[in-house]
**Student:** 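Take a look at this one; I'll ask things after.
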2 protein chains.
Amino acid sequence: MPDLFTVLADPSRRRILDTLRGSEGLLVKELVAALGLTQPNVSKHLRVLRTAGLVAETAERQGRRYRLRPEALREMDDWLRPYRVFWTSRLDDLGDYLDSTRPHERPQP
Amino acid sequence: MPDLFTVLADPSRRRILDTLRGSEGLLVKELVAALGLTQPNVSKHLRVLRTAGLVAETAERQGRRYRLRPEALREMDDWLRPYRVFWTSRLDDLGDYLDSTRPHERPQP
DNA sequence: TGGTTATATAACCGTCAAGGCATAAAGAGG
DNA sequence: CCTCTTTATGCCTTGACGGTTATATAACCA
């Protein structure tokens with residue numbers, strides 16, 4: 001149960017997620033080929049990602065297919081949301097209207 | 001020059017940023033009191049945060065005031081953006097679309 | 001059965017960071 | 001100059017993590 005930010009601190013794991021995004025899932029061997037990492041290394045990272053809920057695994061004839069579970073990233077986005085308003089325009093703040101816990105003052109009209 | 005995700009992997013550092021947000025800057029002693037951490041610990045974390053550009057320091061009579069530099073978080077938001085569309089509503093996607101089309105330098109008044 | 005492919009796991013190692021303690025540095029005031 | 005306050009830094013220990021190598025497990029095929 002490592003926390004999400006720790007899991008995403010590793011660049012190889014972020015590369016795995018980036019590679020998984022935009023596909024309907026990849027076999028471990030495909031990830032190994034795409035990233036140029038060793039197979040045990042990839043398997044270890046996938047285990048961490050699976051424990052964090054960031055990927056899901058489905059058995060298949062020729063191996064195990066891993067697919068992205070992007071909802072698990074919401075926790076990071078939630079943390080980031082109160083900060084995002086600092087650099088986005090008011091129009092972009094539309095995306096933040098859900099957030100009621102923003103501790104800094106709203107800009108005066 | 002540690003990467004941003006590694007810097008933010010530490011919960012104490014995220015708490016420091018959360019505390020700094022919503023104020024115009026705090027003295028080290030105020031952060032120590034607010035967070036219940038030891039003073040050397042806070043100073044070390046502040047050094048890491050300053051190196052990453054996440055906080056800025058200004059000398060003052062009674063100490064040094066640290067203020068948040070939220071722009072440094074954009075790199076994390078940029079990484080997160082392609083994932084955000086997976087779970088956000090269409091309204092939020094509008095904000096993302098504008099993010100990707102409008103130049104970021106000068107928000108329109 | 002034996003062999004091949006795909007994936008996971010175990011064992012080991014080097015590195016690195018976090019936290020605690022003690023102390024140094026810097027500035028203000030008496 | 002001395003002292004008090006505030007902050008930074010140095011040293012040390014400990015624990016966690018990433019990467020590699022070797023091996024185990026499982027499925028499939030000849």
Side-chain angles (χ1 to χ4, degrees), chain A residues 1-20 23-69 72 76 79, chain B residues 1-20 23-69 72 76 79:
Chain A
M1 51 180 67
D3 104 302
L4 179 65
F5 286 80
T6 302
V7 170
L8 294 176
D10 187 277
S12 297
R13 284 195 283 264
R14 292 200 301 277
R15 287 183 61 207
I16 289 179
L17 296 183
D18 288 338
T19 307
L20 250 35
S23 81
E24 279 303 316
L26 294 175
L27 302 176
V28 177
K29 62 168 296 193
E30 296 173 325
L31 279 168
V32 168
L35 300 172
L37 304 174
T38 67
Q39 176 267 315
N41 195 0
V42 171
S43 280
K44 270 181 155 184
H45 284 311
L46 285 173
R47 181 165 157 74
V48 175
L49 291 169
R50 182 162 26 107
T51 303
L54 284 160
V55 299
E57 171 205 41
T58 62
E60 241 172 66
R61 308 119 205 109
Q62 66 269 30
R64 305 190 187 184
R65 188 164 300 269
Y66 282 86
R67 68 172 216 279
L68 184 66
R69 290 192 64 246
M76 172 173 278
W79 181 83
Chain B
M1 53 185 71
D3 104 303
L4 178 65
F5 286 78
T6 302
V7 171
L8 294 175
D10 189 280
S12 298
R13 284 196 284 264
R14 292 200 302 276
R15 288 183 60 206
I16 289 179
L17 296 183
D18 287 337
T19 307
L20 250 36
S23 81
E24 280 303 316
L26 294 174
L27 302 176
V28 178
K29 61 168 296 193
E30 295 173 326
L31 279 168
V32 169
L35 300 172
L37 305 173
T38 67
Q39 175 268 314
N41 196 0
V42 172
S43 280
K44 284 182 184 178
H45 283 311
L46 284 173
R47 181 166 158 76
V48 175
L49 291 169
R50 181 161 29 106
T51 303
L54 284 161
V55 299
E57 171 205 42
T58 63
E60 242 171 66
R61 307 108 206 124
Q62 67 269 30
R64 307 189 186 185
R65 188 164 302 268
Y66 282 85
R67 67 172 216 278
L68 184 66
R69 290 192 63 246
M76 172 173 278
W79 181 82

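Chain identifiers are assigned alphabetically (A, B, ...) following the order of the sequence lines, protein sequences preceding nucleic acid strands; residue numbering begins at 1 within each chain.
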**Student:** For A:Leu17 and B:Trp79, run side chain to side chain contact (heavy atoms under 4.5 Å, CB included): C-alpha distance rounded to whole Å, both residues' side-chain angles, the deciding distance at 0.1 Å, then the answer.
**Tutor:** CA-CA 11 Å; A:Leu17 296 183; B:Trp79 181 82; 4.1 Å; yes
**Student:** Could you check how far CG of A:Leu49 sits from P of C:dA8, rounded to whole Å?
**Tutor:**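 To the nearest whole Å, that distance equals 12 Å.
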**Student:** If you check the A:Ser43 side chain, which of D:dA8, C:dA11, C:dT7 turns out closest?
**Tutor:** C:dT7
**Student:** Expressed as a whole number of angstroms, how long is the span from B:Asp10:CG to D:dG15:C1'?
**Tutor:**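 The distance from CG of B:Asp10 to C1' of D:dG15 comes to 14 Å, rounded to the nearest Å.
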**Student:** Expressed as a whole number of angstroms, how long is the span from A:Arg47:CZ to D:dG18:C1'?
**Tutor:**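 My rounded result for the distance is 15 Å.
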**Student:** If each of A:Lys44 and A:Gln62 is mapped to the nucleotide of DNA chain C with the nearest heavy atom, which maps nearer the 5' terminus, i.e. the 5' end?
**Tutor:**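 The residue whose closest nucleotide sits nearer the 5' end is A:Gln62.
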**Student:** Checking all strands, does B:Leu37 fall into the base, sugar-phosphate, or nothing category for heavy-atom contacts under 4.0 angstrom?
**Tutor:** nothing
**Student:** Base, sugar-phosphate alone, or nothing: which one does A:Glu60 contact when heavy atoms must sit under 4.0 Å apart?
**Tutor:** nothing
**Student:** Take a 6.0 Å sphere around CD of A:Glu60 and say whether it holds more than 12 heavy atoms from other residues, nucleotides or ligands.
**Tutor:** yes
**Student:** Using atom CG of B:Asp3 as one end and atom C1' of C:dC16 as the other, report the distance to the nearest whole Å.
**Tutor:** 14 Å
**Student:** For B:Arg50, I'd like to know if atom CZ has over 12 heavy atoms of other residues, nucleotides or ligands within 6.0 Å.
**Tutor:**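 Enclosed: over 12 neighbouring heavy atoms sit under 6.0 Å from CZ of B:Arg50.
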**Student:** Check the phosphate of D:dG19 against A:His45, side-chain N and O only, distance under 4.0 Å to OP1 or OP2. Yes or no?
**Tutor:**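 Affirmative; the distance criterion is met.
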**Student:** Could you check which of C:dA8, D:dT7, C:dG19 has an atom nearest any side-chain atom of A:Gln39?
**Tutor:**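 That would be C:dA8.
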**Student:** Classify the nucleic acid contact of A:Glu57 as base, sugar-phosphate or nothing, counting any heavy atom under 4.0 Å across all strands shown.
**Tutor:**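 Touches sugar-phosphate only.
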**Student:** Report the residue (A:Pro40 or A:Val7) whose heavy-atom-nearest nucleotide on DNA chain D is the more 5′ of the two.
**Tutor:** A:Val7
**Student:** Between CG of A:Leu37 and NE2 of A:His45, what distance do you get to the nearest 0.5 Å?
**Tutor:**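 One finds 6.5 Å between CG of A:Leu37 and NE2 of A:His45.
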**Student:** Strictly below 4.0 Å: does A:Tyr66 bring a side-chain N or O up to OP1 or OP2 of C:dA6?
**Tutor:** no
**Student:** Counting any heavy atom closer than 4.0 Å, what does A:Arg13 reach on the DNA or RNA strands: base, sugar-phosphate only, or nothing?
**Tutor:**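 It contacts sugar-phosphate atoms only.
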**Student:** To the nearest Å, give me how far apart CG (B:Leu31) and C1' (D:dT6) are.
**Tutor:** 13 Å
**Student:** To the nearest 0.5 Å, how far apart are CZ in A:Arg15 and CG in A:Asp10?
**Tutor:** 10.5 Å
**Student:** Rounded to whole angstrom units, what separation is found between the NZ atom of A:Lys29 and the P atom of C:dA6?
**Tutor:**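 Result: 4 Å.
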**Student:** Which sits closer to the 5' end of DNA chain D, A:Arg64 or A:Thr38, going by the nucleotide each is nearest to?
**Tutor:** A:Thr38
**Student:** Choose from C:dT7, D:dT9, D:dT7 the nucleotide whose nearest atom is closest to any side-chain atom of B:Val28.
**Tutor:**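 Nearest to the side-chain atoms of B:Val28, counting from C-beta on, is D:dT7.
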**Student:** May I have the distance from B:Arg15 (atom CZ) to C:dA18 (atom C1'), rounded to whole angstrom?
**Tutor:**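 It is 15 Å, rounded to the nearest whole Å.
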**Student:** Expressed in angstrom and rounded to an integer, what is the separation of A:Arg65 atom CZ from C:dA6 atom P?
**Tutor:** 13 Å
**Student:** Quick one: CZ on B:Arg13 to CZ on A:Phe5, what's the gap to the nearest 0.5 Å?
**Tutor:**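 That separation rounds to 12.5 Å.
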**Student:** Ignoring the backbone of A:Asn41, work out which of D:dA8, C:dT7, D:dG19 is nearest its side chain.
**Tutor:**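 Among the listed nucleotides, the one closest to the side chain of A:Asn41 is D:dG19.
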